[in-house]
*Asks:* 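Here's a structure for you.
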Amino acid sequence: MKKTRYKRLTDLDDDVDTNRRHDFNSMCSALAGFLLLFAFVACMIFLTSVESIPSTYLLSTLVSKQNKTKQKKRPAFRDESQFLNCSALIKGDKNTIELYVNNGRMKLDKERLFDLPMDCASIRERVYGDMPPFRPLNRPIAFVRTVYNLYELQEALLSISFHPDNVFCYVMDSKSSDKLKSDMRTMGKCFDNVLVLEKEYSLNSGGHGQDPAHFDCLEQILPRRWHHAVIIQNFDLIIKSPQQLSDLSETLNYTSIMGFDFGFKYRYNSKADWTPRGLKLFKNETGVPSQILTKKLRVRKSLNEVIMSKVFVKSIFEKLNLKTIVKLFDDNDYYGVDEMLVQTLYENYLGLDGQMESNCIKNHDDSLSRMTHWDWSGPNGFDKDCHSKWKRHGICILGVEYLNELSKSQKVMANKVMSSFDFGTIICTREMMKTNQTSTTPDAKWLSSFPQFREMQMKANGTYNRDKFDC
Ligand SMILES: *[C@@H]1O[C@H](CO)[C@@H](O)[C@H](O)[C@H]1NC(C)=O
Ligand SMILES: *[C@@H]1O[C@H](CO)[C@@H](O)[C@H](O)[C@H]1NC(C)=O
Ligand SMILES: *[C@@H]1O[C@H](CO)[C@@H](O)[C@H](O)[C@H]1NC(C)=O
Ligand SMILES: *[C@@H]1O[C@H](CO)[C@@H](O)[C@H](O)[C@H]1NC(C)=O
Ligand SMILES: *[C@@H]1O[C@H](CO)[C@@H](O)[C@H](O)[C@H]1NC(C)=O
Ligand SMILES: *[C@@H]1O[C@H](CO)[C@@H](O)[C@H](O)[C@H]1NC(C)=O
């Protein structure tokens, strides 16, 4: 299992396999659809002041194309509100979870969504209208996300981390629907701190296009004020609040967070010239020690999700020419290509600011970036070992059963949430932010399990010795 820990995700398939649930559960789903639909309207009409009823965000998002005139006739709305009792779900209350699940999870069905009002006032109202007032952040965060489906999901995910000091950069898959593209662009125009790149990339389940897309975004937002960038994909959920991430960034200082593992030989071209000179990696080789220029890079890997310090990102763009190395990793002959570039640049000493200086060739888990419930046995679909009983490509989908764990996890992100499986998880995570129920922020003591963090601490306290560093 150790080796498969970092087996890559294939986020980019369509939602076909989760939708298959409808086959054996279609009656239940249909019923649930109605119940939930009514529940939302009910919340709006009768229960807007009840603490456990989620935000206006939910209410305005989840109205489907059912006939509104029929809804009014339905009695007993009040009872149905308990289907999304976030405070109970976050506490892990078994009865509440059971009730919600047995009545069909809340799902976004792209065929049945009402068009959302897309004027800026409405968008802003949905994203942060009901959130507590913002306090300035010492260390704003950049969120760099590749997206390919469902605008409604992306808007909800934005609202989880939205803060006027943070920066959000999106790159879209060129195969995305016209609706996603136009809605994302409309949304981007409503916020100074949201960028939707003009250029679109062809993203696929092999991870192709991710590195070029993420680095394109990073370059675009470089002049802006942020201290760490969180690199994410379509289905990643952020589980720490903007304030917590700012605090975390302060503790991390210039450290970046990722795992340490060796790249698998079958995922990159091991025959290529991996010396920085061969890769034409340095913009200017004058002054770069030949030891660095001629030493083959060891290909390293962890996950696509990493946390990069601005210091490191800035140094990469200042000193390096990424064209060749990005192309080499993004090779169409290989699969799972998007979790090696950052790691290889960080873990081979190249004289970059903010990078690891010690050559740390051991393997280390990344216990901070991403929470994942791996389960490699069996096919996609039903899986008894997942708390949500549903799995995709070796990863349990985060249904509301995981909310309690999310609220206690030290991690920054979780993978994966799917709005076609359980949108309740996303809404209740937002509620978790809003009501300050997220887990504690990792402190320096906890972070010192990371070799890069220890290295930084030792440099700061004057005890660092490159040759003796024990990673
Ligand atoms: C809603 O129902 C009314 C009356 O049954 C009907 O006239 C109307 O066309 C329906 N609207 C939609 C959008 O289905
Ligand atoms: C939510 O669940 C808790 C615990 O089960 C319960 O006390 C509370 O009344 C519920 N709230 C609503 C609105 O159903
Ligand atoms: C961050 O690191 C730099 C460089 O070592 C150091 O000068 C600075 O004091 C550190 N900041 C904090 C808050 O530790
Ligand atoms: C390359 O770096 C050297 C040493 O830092 C510097 O003197 C030189 O001007 C640089 N060349 C270019 C083209 O920037
Ligand atoms: C959130 O809770 C933590 C402790 O649990 C507290 O230190 C912090 O001030 C709270 N934040 C807000 C905005 O209430
Ligand atoms: C310096 O930092 C390292 C890494 O955290 C720690 O193990 C060591 O005890 C510190 N040394 C001093 C003298 O503070």
Side-chain angles (χ1 to χ4, degrees), residues 35-36 38-40 42-55 58-59 76-103 106 137-140 227-228 245-257 276-277 280-290 292-293 308-315 317-321 350-358 400-401 403-404 407 424 427-428 431-432 435 437 441-445 447-448 450 452-464 466:
L35 290 179
L36 287 170
F38 294 129
F40 307 142
C43 300
M44 219 162 2
I45 299 170
F46 296 108
L47 288 167
T48 41
S49 61
V50 174
E51 171 268 335
S52 66
I53 301 306
S55 59
L58 164 71
L59 302 174
F77 296 117
R78 196 174 274 271
D79 294 341
E80 286 149 0
S81 66
Q82 59 198 308
F83 291 137
L84 205 73
N85 184 340
C86 281
S87 56
L89 291 171
I90 292 167
K91 284 191 194 98
D93 183 83
K94 290 224 155 47
N95 293 334
T96 311
I97 293 174
E98 208 168 281
L99 186 67
Y100 169 83
V101 171
N102 290 344
N103 283 284
M106 179 186 294
L137 298 175
N138 278 345
R139 309 255 302 185
H227 289 81
H228 278 90
L245 292 177
S246 169
D247 294 347
L248 177 65
S249 169
E250 235 169 304
T251 313
L252 289 175
N253 196 354
Y254 60 76
T255 309
S256 295
I257 296 292
R277 175 163 282 157
K280 298 187 180 63
L281 190 58
F282 284 90
K283 284 182 178 166
N284 180 355
E285 291 189 353
T286 314
V288 180
S290 69
I292 288 180
L293 287 173
M308 297 172 83
S309 74
K310 174 87 168 271
V311 174
F312 179 51
V313 173
K314 200 159 159 252
S315 191
F317 284 112
E318 260 164 27
K319 296 187 179 153
L320 303 185
N321 167 17
L350 296 167
L352 302 175
D353 302 330
Q355 83 164 122
M356 187 83 190
E357 189 174 330
S358 320
V400 297
E401 297 89 343
L403 279 166
N404 187 248
S407 76
I427 291 303
C428 289
E431 213 47 27
M432 215 188 275
T435 54
Q437 293 185 72
T441 318
D443 60 11
K445 186 157 176 280
L447 289 166
S448 62
F450 285 90
Q452 63 268 48
F453 191 78
R454 270 199 319 277
E455 188 190 270
M456 182 189 71
Q457 286 182 315
M458 293 174 93
K459 283 179 169 179
N461 72 16
T463 59
Y464 177 66
R466 192 177 169 183

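Bear in mind the structure is a predicted one, so any value in this text is a computation, not a measurement. Numbering of ligands and ligand atoms starts at 1, following listing order.
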*Asks:* Who's the nearest protein heavy-atom neighbour of atom 1 (C) of ligand 4, and how far?
*Replies:* N284 ND2, 1.4 Å
*Asks:* Side-chain contact test, heavy atoms from C-beta onward, threshold under 4.5 Å: evaluate it for L248 versus L447 and give yes or no.
*Replies:*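 Yes - at least one pair of side-chain heavy atoms lies under 4.5 Å apart.
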*Asks:* Can you confirm whether something in the protein, heavy atoms only, sits under 4.0 Å from atom 14 (O) of ligand 4?
*Replies:*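 Within 4.0 Å: yes, protein heavy atom nearby.
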*Asks:* Ignoring hydrogens, tell whether any protein atom lies closer than 4.0 Å to atom 9 (O) of ligand 4; use the non-hydrogen atoms only.
*Replies:*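 When distances to the protein are checked, atom 9 (O) of ligand 4 has no heavy atom within 4.0 Å.
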*Asks:* With respect to S87, determine whether any N or O atom, backbone or side chain, lies less than 3.5 Å from an N or O atom of ligand 2.
*Replies:*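 No: no nitrogen or oxygen of S87 is under 3.5 Å from one in ligand 2.
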*Asks:* Relative to atom 6 (C) of ligand 3, which among N253, T251, D353 owns the nearest non-hydrogen atom?
*Replies:* N253
*Asks:* Report yes if the side chains of S315 and Q355 come closer than 4.5 Å at any heavy-atom pair, otherwise no.
*Replies:*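 The answer is no, as the side chains (C-beta and beyond) never meet within the 4.5 Å cut-off.
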*Asks:* Is there a side-chain contact between L350 and K319 (heavy atoms, below 4.5 Å)?
*Replies:*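 When only atoms from C-beta onward are counted, K319 and L350 do not touch, as no gap falls below 4.5 Å.
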*Asks:* Taking the side chain as C-beta and beyond, is there a heavy-atom pair between S309 and H227 under 4.5 Å?
*Replies:*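 They are not in side-chain contact.
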*Asks:* So do N321 and F282 actually touch side chain to side chain, heavy atoms under 4.5 Å?
*Replies:*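 SC-SC contact between F282 and N321 ruled out.
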*Asks:* Where is the nearest protein heavy atom to atom 5 (O) of ligand 4: which residue, which atom, and how far?
*Replies:*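 The closest heavy atom on the protein side is T286 O, 4.5 Å.
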*Asks:* Could you check whether atom NZ of K314 has more than 12 heavy atoms from other residues, nucleotides or ligands sitting under 6.0 Å from it?
*Replies:*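 For K314, atom NZ is not crowded (no more than 12 foreign heavy atoms under 6.0 Å).
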*Asks:* I need the nearest protein heavy-atom contact for atom 4 (C) of ligand 3: residue, atom name and distance, please.
*Replies:*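 The closest one turns out to be Y254 CE2, 3.9 Å.
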